[in-house]
Amino acid sequence: METDDVSLREQLFHDRVREILICVQLFVCLYILSYLILTHFKKNAEFVTDDIEDATVNKIALWLCTFTLSVAVCAVLLLPISILSNEVLLTFPHSYYVQWLNGSLIHGLWNLVFLFSNLSLVFLMPFAYFFTESEGFTGSKKGVMARVYETAVMLLLLTLLVLGIVWVASALLHDNTARESLYDLWEYYLPYLYSCISLFGVLLLLLCTPFGMSRMFSVTGSLLVKPRVSDEEAVCECAYNCYFTSNANCTLLTVVPHPFSSAETRKKASPWQRNLGYPLAMLLLLALTVVCVLMVCFHVLELLIDESAMPRGMEDPHLGLASFSMFGSLGAAVQVVLILYLMVSSVVGFYSSPLFCSLLPRTQDTTLTQIIVNCVSLLVLSSALPVFSRTLGITRFDLLGDFGRYNWLGNFHIVFLYNMLFAGLTSACLINTVTWAVQRELIRAFGLHRLPFTVNRSAIPFRLLLASGLSKIQ
């Protein structure tokens with residue numbers, strides 16, 4: 001009996017060590033990737049200065065930003081890793097080489113991402129910002145430690161301010177609970193604060209993702225070799241890009257050089273790349289967008305007839321028992337692609353919106369303050385992605401750990417209204433993109449691009465296009 005107990009404890013110990021090693025290796029890889037990304041965008045003049053103190057402070061702040069960005073990337077990969085792990089265990093149930101993919105590992109990964117997300121949003125990023133702006137208290141000895149002391153005091157004051165605001169908000173919404181749990185900081189206030197941050201991130205995704213899906217067509221088109229054969233089409237493409245970038249000073253008479261519009265670049269591209277790459281990419285984006293809308297509409301119907309369609313949390317993920325898609329492994333792969341597509345679309349929509357377009361990082365010309373703000377923004381979006389995907393019904397994988405303990409997840413009216421708004425906004429953006437593409441072709445066909453004044457979508461209603469076409473035919 002003692003031998004069995006010892007062997008069981010040894011097995012649990014080895015399993016725990018193995019999970020820690022896997023998580024550490026994953027995080028180290030993501031940290032290296034994040035560091036390479038940030039060093040590609042950072043402004044080198046801030047890190048190579050004559051003031052050694054400023055350079056040291058900036059390096060420490062950059063390390064904290066790298067940690068935050070790696071947590072954001074890991075949050076994006078949470079659902080794909082969980083779904084793919086379940087499908088691998090279903091495909092190879094008795095394989096010795098995939099037994100490390102178990103529910104304990106996935107559950108631990110979710111808990112670590114939740115913990116590090118809270119740590120980054122509440123402490124690390126505010127500390128990095130105050131650290132770069134601090135100079136030390138007046139009369140104190142200058143140095144890095146003087147800045148650390150000032151930053152710690154500022155962070156303490158900010159923490160007291162935020163906790164006070166959270167306590168007041170919880171007192172207004174839940175009077176009895178807030179008064180009874182005034183000293184219950186870890187069990188109530190921090191989860192409540194992160195629940196508010198997650199709700200803000202989910203609302204931000206609701207606004208950015210539909211707009212980003214419509215922008216994906218123009219962004220992807222600018223990266224591919226288009227099957228364009230005339231200058232007139234280049235002019236219309238310029239008008240199309242000017243409309244979506246909301247540049248009021250851009251006219252149809254100004255042709256913006258396209259990176260792939262030169263004859264040399266088109267000559268280097270293969271015929272398959274010139275003639276099939278662009279249409280296939282546009283069809284793929286259209287298919288992904290339509291599938292997302294259809295899945296959300298189906299989920300709306302599920303919410304009306306089945307309570308299990310509501311997003312909820314689970315404590316013990318039973319991986320390898322059943323697929324999380326009714327279409328098996330193929331459906332699970334589609335779910336992973338859609339989740340990643342939603343994240344990319346949300347980032348594109350975030351940086352394309354008028355409010356946040358100034359935050360778009362530039363190669364070797366992004367200040368440290370902008371890097372901090374970008375890391376916070378990406379972490380808010382990515383940490384809300386699992387809740388966002390589950391709320392929309394993109395996947396049936398329930399939320400693990402503290403991700404499933406948000407107060408608003410059990411509210412049917414909020415979840416139902418959220419799904420309806422996403423389906424409506426995405427459909428409107430998709431229809432808007434398609435109808436503008438048709439009008440763009442009519443502009444080129446009827447010669448309206450030669451007009452000697454600024455022409456955009458609002459300046460040319462559809463009736464004007466039809467009237468011009470009829471007069472040209474007569």
Side-chain angles (χ1 to χ4, degrees), residues 15-16 18-30 33 70-93 95 97-118 194 198 201-202 205 291-292 295-296 299 308-344 346 378-379 381-406 409:
D15 292 342
R16 187 61 179 171
R18 180 181 59 193
E19 293 172 8
I20 294 175
L21 290 177
I22 293 173
C23 292
V24 169
Q25 290 176 1
L26 175 62
F27 186 78
V28 167
C29 294
L30 294 179
L33 176 63
S70 59
V71 173
V73 176
C74 192
V76 173
L77 298 177
L78 275 182
L79 274 178
I81 290 177
S82 303
I83 296 173
L84 292 178
S85 299
N86 181 69
E87 297 303 321
V88 169
L89 291 176
L90 280 174
T91 307
F92 307 101
S95 176
Y97 299 99
V98 296
Q99 293 305 312
W100 54 274
L101 281 174
N102 50 42
S104 178
L105 173 65
I106 301 301
H107 192 274
L109 189 61
W110 281 69
N111 288 334
L112 287 176
V113 170
F114 183 83
L115 174 62
F116 290 152
S117 298
N118 278 282
Y194 193 76
S198 176
V202 171
L205 285 173
V291 170
C292 281
M295 292 184 69
V296 174
H299 187 243
S308 63
M310 287 287 294
R312 63 180 186 273
M314 62 178 176
E315 293 297 330
D316 187 14
H318 300 286
L319 300 181
L321 298 180
S323 177
F324 293 103
S325 173
M326 63 179 66
F327 299 103
S329 299
L330 179 60
V334 172
Q335 290 180 4
V336 172
V337 173
L338 290 178
I339 291 171
L340 297 178
Y341 174 64
L342 288 176
M343 186 61 202
V344 174
S346 65
L378 292 177
L379 182 58
L381 292 174
S382 60
S383 61
L385 181 64
V387 183
F388 177 71
S389 303
R390 182 62 185 92
T391 304
L392 295 179
I394 301 299
T395 179
R396 298 302 297 267
F397 190 92
D398 289 322
L399 303 172
L400 293 176
D402 292 322
F403 280 94
R405 297 177 182 174
Y406 300 139
L409 282 179

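Atoms CG and CD1, on Leu338 and Ile394 in that order, are 6.0 Å from each other to the nearest 0.5 Å. The OG atom of Ser329 sits 12.0 Å away from the CD1 atom of Ile83 when rounded to the nearest 0.5 Å. To the nearest 0.5 Å, atom CG of residue Leu112 and atom CD1 of residue Ile20 are 9.0 Å apart. Met295 CE to Leu392 CG: the interatomic distance, rounded to the nearest 0.5 Å, is 9.5 Å. Atom CG of Leu79 and atom OG1 of Thr395 lie 6.0 Å apart (nearest 0.5 Å). Atom CG of residue Leu109 and atom SG of residue Cys23 lie 5.0 Å apart, to the nearest 0.5 angstrom.
Proximity of Ser117 to Leu379: side-chain heavy atoms (C-beta onward) are separated by under 4.5 Å at one or more points. In this structure, the side chains of Phe116 and Cys74 stay at 4.5 Å or more apart for every pair of heavy atoms. Within the 4.5 Å cutoff, no side-chain heavy atoms of Ser346 are placed close to those of Phe388. Between Thr391 and Val202, the closest side-chain pair of non-hydrogen atoms is not below 4.5 Å. A 4.5 Å side-chain heavy-atom check between Val334 and Phe327 finds every atom pair outside the cut-off.
Remark: Leu90 engages Asn86, Glu87, Ser323 in a side-chain contact (heavy atoms from CB on, under 4.5 Å) (not counting sequence neighbours). The side chain to side chain donor-acceptor pair (under 3.5 Å) check on Ser389 picks up nothing, with sequence neighbours excluded. For Leu340, the side-chain contact (heavy atoms from CB on, under 4.5 Å) criterion is met by Val76, Pro80, Val336, not counting sequence neighbours.
Shortest non-hydrogen contact noted between Ile81 and Leu26 is CD1-CD2, 4.4 Å. Shown here for Leu105 and Glu19, the closest heavy-atom pair between the two residues is N-OE2, 3.8 Å. For Pro386 against Ala75, the heavy-atom pair with the smallest separation is CG-O, 4.0 Å.
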Evaluation steps, side chain to side chain contact (heavy atoms under 4.5 Å, CB included), between Arg18 and Ile22: CA-CA 6 Å; Arg18 180 181 59 193; Ile22 293 173; 4.0 Å; yes

